[in-house]
Protein chains: 2
Amino acid sequence: MYPNEAGPDAQDRLLDAAERLFAEHGFHGVSLRTITTEAGVNLAAANYYFRSKEVLFRAVFERRVGPVNADREALLQELMARSAGRPAVGEVLRAFLEPAFRASTSPGAEMFRKLSGRSSVDPSPEVRRIVYELYDPVSSRFVDAFKRACPDLSREDLFWRLASVFGAMMYVRADSGRLQRLLGDDLNMSDPEAAIAHLIPFLTAGMEVPPITTRDENEREST
Amino acid sequence: MYPNEAGPDAQDRLLDAAERLFAEHGFHGVSLRTITTEAGVNLAAANYYFRSKEVLFRAVFERRVGPVNADREALLQELMARSAGRPAVGEVLRAFLEPAFRASTSPGAEMFRKLSGRSSVDPSPEVRRIVYELYDPVSSRFVDAFKRACPDLSREDLFWRLASVFGAMMYVRADSGRLQRLLGDDLNMSDPEAAIAHLIPFLTAGMEVPPITTRDENEREST
DNA sequence: GTCTATATGTGGATAGAC
DNA sequence: GTCTATCCACATATAGAC
């Protein structure tokens, strides 16, 4: 092994191993010893390059979330310009979902999709803090876009519908294996294009059903 | 404290404390010490009543999943009889979702909904094993019902649509707090009736969109 | 059944040699 | 930068007194 010659260096090998093992066992389910062994580096190296296990976990996210956020921002900005600020909901969904599934086609990116999906409902406060911090700024801009795309929905309606949108996206990214058990192992969720092609029509239809609750007048914003 | 007089006994207090703490920190994120302290029992009692931490975790699930499964089975059976084996997809969704949200209105039941939702994509092999084992038998009967309700969908289409259904249900049950951060703290997911009222129309619309993939002829079953 | 005390293992993190 | 050796906190689980 010649770290500076062939293959990724120790830091990248640590990030790759951590990405996979956190995805498969969760933050608390895997030890630094296991991660460093898989990465082929000494235990002490993990604390040399990263200050702690939590920082390593955060670094795994930061490496992947940046590009996703940048793609989402670019697509949203282009969409808003093209639609004069009144986008179709299906287009907002597309700008939100495509970067989440397409971003990077490396093998590690697939592991990260699982990690991200699974972390999105991980109860551990450490995990939640990191996930929210990295995804929320861009997500809140999409919430605004959804409001503009669905001006007849009350905040409450929007809240429940976005729960379905987030839940569906997250469940597919998490790829828990449950539905393969129920429907057959030949099926799989790892194809980003298939995920996009199936999720967008389903979620668009859901977002477009007539309002359930009555819209409070004082919620209305000027357009 | 008089265990046999007022209030729940040590086993129930352990189950209640474990339910809450597992929901809030995950299986690996909380120790038996913390659980027994919260339950007001000695550490050794946990290993006396339950053989291990994993058995305690399983017992938490078994206490709640039994009634949900029974309700689901009853509703499904009644639906199939009423519809002569060709149910409307919205009715299948109702029979699947209502028990998951209504089952028991005790405060503990709300914590369990979070635990169950969060556990459904928990990466830990121990957690996955228990969740699948307890929910799968009834869930696979619902998969059959969905097939009958949507006979024009290919297995692949059904797979992706059920991912959205499972994902939405799970995300609402998990109640990660993410959407409250994005839309406002006055909103909440803890009202079972509101969850049902919003999820069913959304998911019905998604299930009813025209097929995306072409249906393979050799998938067709006699009706 | 309920406690104290403890066995036994593993975790994250670090000191300090090279 | 990279290693060995180790500190120390905390985990699960149990033995054994009462």
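- Taking side-chain N and O atoms only, A/S52 has no distance below 4.0 Å to OP1 or OP2 of C/dG12.
- For A/L32 and C/dG11, the CG to P distance is 9 Å, given to the nearest whole Å.
- Remark: B/S31 is in phosphate contact with D/dA11, judged by side-chain N or O atoms under 4.0 Å from OP1 or OP2.
- Of all nucleotides listed (C/dT4, C/dT14, D/dT2), D/dT2 comes nearest to the side chain of A/Y48.
- Atom P of nucleotide D/dC10 and atom CG of B/L43 are separated by 15 Å, given to the nearest angstrom.
- Nearest-nucleotide positions on DNA chain D for A/R33 and B/K53 put A/R33 closer to the 5' end.
- By the 4.0 Å N-to-carboxylate-O rule, B/E38 lies close enough to B/R20 to be salt-bridged with it.
- Using a 4.0 Å heavy-atom criterion, one finds that B/A45 contacts no nucleic acid atom at all.
- Geometric assessment of B/R181 against the ring of A/Y132 yields a negative cation-pi assignment under the 6.0 Å and 45° thresholds.
- Between C/dG12 and A/N47, no contact under 4.0 Å exists linking OP1 or OP2 to a side-chain N or O.
- One interatomic measurement links the two molecules: NE2 of A/H25 to C1' of C/dG11, which rounds to 16 Å at whole-angstrom precision.
- A donor-acceptor contact shorter than 3.5 Å is absent between the side chain of A/H25 and the backbone of A/L21.
- Rounded to an integer number of Å, the gap from B/N42 CG to C/dC3 P is 5 Å.
- One atom, OH of B/Y49, and another, P of D/dT14, lie 17 Å apart when rounded to the nearest Å.
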Should A/F50 and A/F57 be marked as a ring pair (Phe, Tyr, Trp, His ring centres under 6.0 Å) after you check the CA-CA gap, both sets of side-chain angles, and the distance that decides it?
-> CA-CA 9 Å; A/F50 307 93; A/F57 184 82; over 10 Å; no
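- Put simply, CG on A/L56 is 14 Å from C1' on C/dA13, counting in whole angstrom units.
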Give the intermediate values and the outcome of side chain to side chain donor-acceptor pair (under 3.5 Å) for residues A/S116 and A/S119.
-> CA-CA 5 Å; A/S116 178; A/S119 296; over 6 Å; no
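- In this structure, A/F57 atom CZ and C/dA13 atom C1' are separated by 19 Å, rounded to whole Å.
- Rounded to an integer number of Å, the gap from B/H28 NE2 to D/dA11 P is 14 Å.
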